[in-house]
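A short write-up of the structure that comes next.
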Amino acid sequence: MSTQTQIPILDLKPQIEALWPDLQAAFERVMKSGHFIVGPEVRAFEEEAATYLGVKHAIGLNSGTDALYIALRALGIGPGDEVITTPFTFFATAEAISHVGATPVFVDIEEASFNINADLIEPAITPRTKAIIPVHLFGRPCNMDRIQAIAAKHGVKVVEDCAQSFGATWKGRQTGSMGVFGCYSFFPTKNLSAFGDGGMLATNDDDLAATARMLRVHGSRKKYFNETVGYNSRLDELHAAMLRVKLPRIDAWNEGRIRVAGHYRTLLGGIKGLVTPEVVPGHVFHQYTIRVQGQDRDALQARLAEQGIGTMVYYPIPCHRLKLYQESHATASCPVAETASQQVLSLPVWPELDPGIQGAVAAAIGQSFV
Ligand SMILES: *Cc1c(COP(=O)(O)O)cnc(C)c1O
């Protein structure tokens, strides 16, 4: 192995160092309170997050995956129902649909945005369609005007997967505040993250919020008076206290990511055979994902790894091509997602990423294209 400096794809150390005294204070506050599950920190975080997002209710949960399936359960979606989503996403999106017993219907993506192609949603709607789950992939907001209009026309619900898009906006509105539910993840690599698993639901609907809260604690509104089979899916006090330290910084961090993306564009924009992401309003660059067209992506990734540069392929297999869905979705045709899965490469990005390091990454990539 080489001894040169390693460049990871994500470095959380600058963030943790900058917040150390505040995180320590939050830790002490929770430890001394003796309250560890849904207490004052979770309630305060829920209020602060709801205010930030501009929604009536935020409900802290123990993961983004739980947020997705509790949203679907709260909407009464289950066996016999269909839910339209993108195949080019983390598996949890499709998994949540399968988990509640419904059938995921995969609709191809747009070439430039990697997000679900709204033009293809309407032809996929059937009498069994109950919901659409757009995923704001890599932090880029989907075209919510189109998606909301199609959903309204056909009477289906929109559940936004915002796991990668905390703080992203569509025409000034927060992702997750437009659909009937917004589903967030605080997994350590996300733009707003806990120090372990965590998640959240956002909604403006009082009844759905109450149902989601009930499902969060074993299907009970009143302790030991369980109404339905629910989950144990609570956000911990400790994570909520840490998230309260981080939430006020999210806009500055997202601006840092946007700055990093702008610099990459300057450095990489002229390389033939390489496509950089479009600069669009509201994109918060959870990932900076290029397309490698002029050469073999895996070979480029291996060469960068040899030079100590961390990259990732999100995602190598679109969901409709996963073995577990092969039988039921053998006929699904999503050629744009399939090509993307062969070409995408996500580069190091975090808010404090040094322009000099970006220069080294770009130089290593550039060498590969000469
Ligand atoms: C991370 C992620 C999830 C799942 O969130 P967890 O908190 O890890 O359960 C769901 N959807 C997408 C698009 C994600 O990136």
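Computed from a predicted structure; not experimentally measured. Whatever order the structure lists ligands and atoms in, that order sets their numbers, starting from 1.
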Hey, is Thr65 touching ligand 1 through its side chain, its backbone, both or neither, going by heavy atoms under 4.0 Å? both
Measuring from atom 3 (C) of ligand 1, which candidate in Phe90, Tyr69, Phe88 has the nearest non-hydrogen atom? Phe90
Any side-chain donor paired with an acceptor under 3.5 Å for Tyr288 and Arg257? no
Considering distance alone, does some N or O of Thr89 sit under 3.5 Å from an N or O of ligand 1? no
Sub-4.0 Å atoms of ligand 1 with respect to non-hydrogen atoms of Val135: 13 (C)
Sub-6.0 Å ring centroid separation between Phe166 and Tyr52: yes
Under 4.0 angstrom from ligand 1, any heavy atom of His286? no
Would His99 and Tyr69 count as a close aromatic pair, with their ring centres under 6.0 Å? yes
Check each atom of ligand 1 against the heavy atoms of Ser63 and keep those under 4.0 Å away; list them by number with element. 7 (O), 9 (O)
Geometric N/O contact Asp197 with ligand 1, under 3.5 angstrom: no
Checking side-chain polar atoms at under 3.5 Å, does Gln174 have a donor or acceptor matched by the opposite partner on Thr169? no
Is there a nitrogen or oxygen of Gly64 sitting under 3.5 Å from a nitrogen or oxygen of ligand 1? yes
Pair Thr276-Arg265, side-chain donor/acceptor within less than 3.5 Å: yes
Please tell me whether Phe186 and Phe45 form a close aromatic pair, meaning their ring centres lie under 6.0 Å apart. yes
Identity and separation of the nearest protein heavy atom to atom 1 (C) of ligand 1: Lys190 NZ, 1.7 Å
Which word best sums up how the rings of Phe138 and Tyr314 line up, parallel for under 30°, tilted for 30 to 60°, or perpendicular for over 60°? tilted
Distance filter under 4.0 Å to Thr93 heavy atoms, resulting ligand 1 atoms: 11 (N)
